[in-house]
Amino acid sequence: MTAMTAPPETPALLHDPVIDWFGDHARDLPWRRPEAGPWGVMVSEFMLQQTPVSRVLPVYEQWLARWPRPADLAAEPPGEAVRAWGRLGYPRRALRLHAAASAITELHGGEVPRDHARLLALPGVGEYTAAAVASFAYGQRHAVLDTNVRRVFARAVSGAQYPPNATTAAERKLARALLPESEPVAARWAAATMELGALVCTARTPECARCPISAHCAWRAAGSPEHDGPPRRTQSYAGTDRQVRGKLLAVLREAIDPVPQAVLDTVWDEPVQRARALDGLVADGLVEPLADGWYRLPLSTPAPASG
DNA sequence: AAGGCGTGGGA
DNA sequence: TTCCCAAGCCT
């Protein structure tokens, strides 16, 4: 059980320093420029799910140049989205972004919805992304709880080095309690706290000397104690199905034409795992099987699987 | 509600 | 080298 202290009596004490710091240190990222628009914000949010900014930048630019509106993406096969995704990782995101673009085109007249509930209903949009788009693209007042913000709040308010593994109700409550009343200030606060976590209050080696609220930080006040909760989840990769899926999909991304089974067989020498990985890609709609053991990136959207 | 799902860079 | 981590989502 992680100790959760009550929100500060005056959360406003934190607002000004963090927002002022953001004014001085915010990165000039393309999705923060006005010309990005809601679609640019949404594309960036999909790409940034579990992927660093530096790797997103070039792909984002190419993506927006090729598909400046949701309808442009929706007009192409999902496999083209998977190909353009390149090596960003988690390619199901590309499929979901394509599906979201289709839903926006069909259901919302081609405009990214402003409403949190409608955003949340889009494929690949969860609690965080819905709040982020509503806040960053439309200036609304939402608690935006990503890994950066959770870490900042864990330290500054709760006095813990790291937040819990899964987002808790207590964290959501705290985030809501800290949200500035004013809508534009709340939107600014959301971006500022994320940036603070990304640039200063980092996971490994926070630079407290540069932190605008170090004087108010509960973790610092407690002597920066080591994490004492349950171990943080780590993911293995080498030798897993995920690695095999990655190798298979890399071949198909590079190939314009369909690829025969024999070529796919060269990427991994263990046949059972190789077959399982390929089946998984097909089940996910990332790969389309053709006749006689040929495969390609999908030209059509498969019926959504459930279970 | 744990666990699956990619990839690469920095410490 | 190995390990950790990066603006989560879905089932």
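These numbers come from the heavy atoms of this one structure, side chains and all, not from hydrogens, waters or symmetry mates. Proteins get letters first, then strands, A, B, ... in listed order; numbering begins at 1 in each.
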Enquirer: Find the distance between CG (A:L252) and CG (A:L264) and round it off to the nearest 0.5 Å.
Expert: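 Answer rounded to 0.5 Å: 5.0 Å.
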Enquirer: Parallel, tilted or perpendicular: which fits the ring planes of A:W31 and A:Y60, with parallel below 30° and perpendicular above 60°?
Expert: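 It falls in the perpendicular class, over 60°.
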Enquirer: Have a look at A:E127 and say if it touches a base, only the backbone sugar-phosphate, or nothing, with a 4.0 Å heavy-atom cut-off.
Expert: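 It contacts sugar-phosphate atoms only.
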Enquirer: Base, sugar-phosphate or nothing for A:V125? Non-hydrogen atoms, less than 4.0 Å.
Expert: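 If one applies the 4.0 Å heavy-atom cut-off, A:V125 turns out to touch the sugar-phosphate alone, with no base involved.
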Enquirer: Is A:A203 touching bases, backbone alone, or none of the nucleic acid, heavy atoms closer than 4.0 Å?
Expert: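 Answer is sugar-phosphate: A:A203 comes under 4.0 Å of backbone atoms only.
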Enquirer: Starting at CZ of A:R93 and ending at P of C:dC10, how long is that distance when rounded to a whole Å?
Expert: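 That distance rounds to 13 Å.
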Enquirer: Centres of the A:W85 and A:W63 rings: under 6.0 Å?
Expert: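 Yes; A:W63 has its ring centre under 6.0 Å from that of A:W85.
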Enquirer: From C:dA7, B:dC5, B:dG6, pick the nucleotide closest to the side chain of A:R92?
Expert: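 In terms of side-chain proximity for A:R92, the closest of C:dA7, B:dC5, B:dG6 is B:dC5.
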Enquirer: Rounding to an integer number of angstrom, what distance separates C:dC9 and B:dG8 when you compare their P atoms?
Expert: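 Per the computed distance, 23 Å lies between those P atoms.
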Enquirer: Looking at A:E111, I'd like to know if its CD atom is crowded, meaning that more than 12 non-hydrogen atoms belonging to other residues, nucleotides or ligands lie closer than 6.0 Å.
Expert: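 Atom CD in A:E111 is not packed in, count stays at 12 or less.
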Enquirer: Using atom OH of A:Y90 as one end and atom C1' of B:dC5 as the other, report the distance to the nearest whole Å.
Expert: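 Those two atoms, OH and C1', are 5 Å apart.
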Enquirer: Between the base of B:dG6 and the side chain of A:T51, is there any donor-acceptor pair under 3.5 Å?
Expert: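 Check passes, donor-acceptor contact within cut-off.
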Enquirer: Does some side-chain heavy atom of A:L122 sit less than 4.5 Å from a side-chain heavy atom of A:M42?
Expert: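 SC-SC contact between A:M42 and A:L122 confirmed.
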Enquirer: Rounded to the nearest 0.5 Å, how far does CE of A:M194 lie from CG of A:L48?
Expert: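 Atom-to-atom, A:L48:CG and A:M194:CE are 7.5 Å apart.
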Enquirer: Should we say atom CZ of A:R118 is surrounded by more than 12 heavy atoms from elsewhere, each under 6.0 Å from it?
Expert: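 No.
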Enquirer: Is the distance from OP1 or OP2 of C:dA6 to the nearest side-chain N or O of A:R151 less than 4.0 Å?
Expert: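 Answer yes for this pair, as a side-chain N or O of A:R151 is under 4.0 Å from OP1 or OP2.
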Enquirer: Applying a 4.0 Å non-hydrogen cut-off, can you work out what A:W31 is touching in the nucleic acid: base, sugar-phosphate, or nothing?
Expert: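 Counting heavy atoms under 4.0 Å across all strands, the contact made by A:W31 includes a base.
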Enquirer: Quick check for you: to the nearest 0.5 Å, what is the distance between A:L97 atom CG and A:L73 atom CG?
Expert: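 Interatomic distance, A:L97 CG to A:L73 CG, rounded to 0.5 Å: 5.5 Å.
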Enquirer: Could you check if a side-chain atom of A:R155 sits within less than 4.5 angstrom of a side-chain atom of A:Y162, using non-hydrogen atoms only?
Expert: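 Yes - at least one pair of side-chain heavy atoms lies under 4.5 Å apart.
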Enquirer: Is the shortest side-chain N/O distance from A:R87 to OP1 or OP2 of B:dG8 below 4.0 Å?
Expert: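 Yes, because at least one side-chain N or O of A:R87 sits under 4.0 Å from OP1 or OP2 of B:dG8.
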Enquirer: Look at the side-chain N and O atoms of A:Q50 and state whether any lies under 4.0 Å from the OP1 or OP2 oxygen of C:dG8.
Expert: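 For C:dG8, OP1/OP2 do have a side-chain N/O of A:Q50 under 4.0 Å.
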Enquirer: Round to a whole Å and report the spacing from CG of A:N165 to C1' of C:dC5.
Expert: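 Those two atoms, CG and C1', are 13 Å apart.
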Enquirer: Name every residue in residues 246-269 of chain A that has at least one heavy atom under 4.0 Å from any atom of DNA chain C, in order of residue number, or write none if there are no such residues.
Expert: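 Correct list: empty, so none.
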Enquirer: Does A:E226 have more than 12 heavy atoms from other residues, nucleotides or ligands lying within 6.0 Å of its CD?
Expert: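 Count not over threshold, so no.
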Enquirer: Let me know, please, whether A:L29 or A:L122 comes out on the 5' side of the other along DNA chain C by nearest nucleotide.
Expert: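 Comparing both residues, the 5'-ward one is A:L29.
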Enquirer: Under 4.0 Å between a side-chain N or O of A:Y237 and OP1 or OP2 of B:dT7?
Expert: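 Yes, such a contact exists.
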Enquirer: Expressed as a whole number of Å, how far does the P atom of C:dA7 sit from that of B:dA2?
Expert: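 Their P atoms lie roughly 24 Å apart.
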Enquirer: Using a cut-off of strictly less than 4.0 Å between a heavy atom of the residue and any atom of DNA chain C, enumerate the qualifying residues of residues 205-214 of chain A by number.
Expert: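 Here the set is empty: none.
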Enquirer: Looking for any heavy atom pair under 4.0 Å, which part of the strands does A:S54 touch: base, sugar-phosphate only, or nothing?
Expert: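 The residue A:S54 makes no contact with any strand.
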Enquirer: Any donor-acceptor pair under 3.5 Å between the side chain of A:R242 and the base of B:dT7?
Expert: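 Flag unset: no donor-acceptor pair detected.
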Enquirer: What is the separation between atom CZ on A:F22 and atom C1' on C:dA7, rounded to the nearest whole Å?
Expert: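 A:F22 atom CZ is separated from C:dA7 atom C1' by 12 Å.
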Enquirer: Please report the shortest heavy-atom distance between A:P70 and A:G110, naming the atom on each side.
Expert: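 So the two residues come closest at CG-O, 3.7 Å.
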Enquirer: Round to the nearest Å and state the distance from A:F46 atom CZ to B:dG6 atom P.
Expert: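 Atom CZ in A:F46 sits about 16 Å away from atom P in B:dG6.
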Enquirer: Tabulate atom names and distances for all N/O pairs under 3.5 angstrom spanning the protein and nucleotides 2-4 of chain C.
Expert:
{"residue": "C:dC4", "atom": "O2", "partner": "A:R204", "partner atom": "NH2", "Å": "2.7"}

Enquirer: At what distance, to the nearest 0.5 angstrom, does OG of A:S135 lie from CD of A:E183?
Expert: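 CD of A:E183 is found 9.0 Å from OG of A:S135.
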Enquirer: Taking only the side-chain heavy atoms of A:R55 (C-beta and beyond), determine which of C:dG8, C:dA7, B:dT7 contains the nearest atom.
Expert: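 That would be B:dT7.
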Enquirer: So which nucleotide from C:dA7, C:dG8, B:dG6 ends up closest to the side chain of A:R245?
Expert: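 The closest nucleotide is B:dG6.
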Enquirer: Got a sec: does the CG of A:D292 have more than 12 other heavy atoms crowding it under 6.0 Å?
Expert: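 It does not: A:D292 CG has 12 such atoms or fewer within range.
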Enquirer: Check the surroundings of atom CZ in A:R69: do more than 12 heavy atoms from other residues, nucleotides or ligands lie under 6.0 Å from it?
Expert: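 Check fails, neighbour count at 12 or below.
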Enquirer: CD of A:E45 versus P of C:dC9: gap in Å, rounded?
Expert: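 Rounding to the nearest Å, CD of A:E45 and P of C:dC9 are 9 Å apart.
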Enquirer: Atom CZ of A:R32 and atom P of C:dA7: how far apart are they, to the nearest Å?
Expert: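 It is 12 Å, rounded to the nearest whole Å.
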Enquirer: Report the residue (A:R96 or A:L48) whose heavy-atom-nearest nucleotide on DNA chain C is the more 5′ of the two.
Expert: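 Result of the comparison: A:L48.
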Enquirer: In whole Å, I'd like the distance from the CG atom of A:L120 to the P atom of C:dG8.
Expert: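 A:L120 atom CG is separated from C:dG8 atom P by 16 Å.
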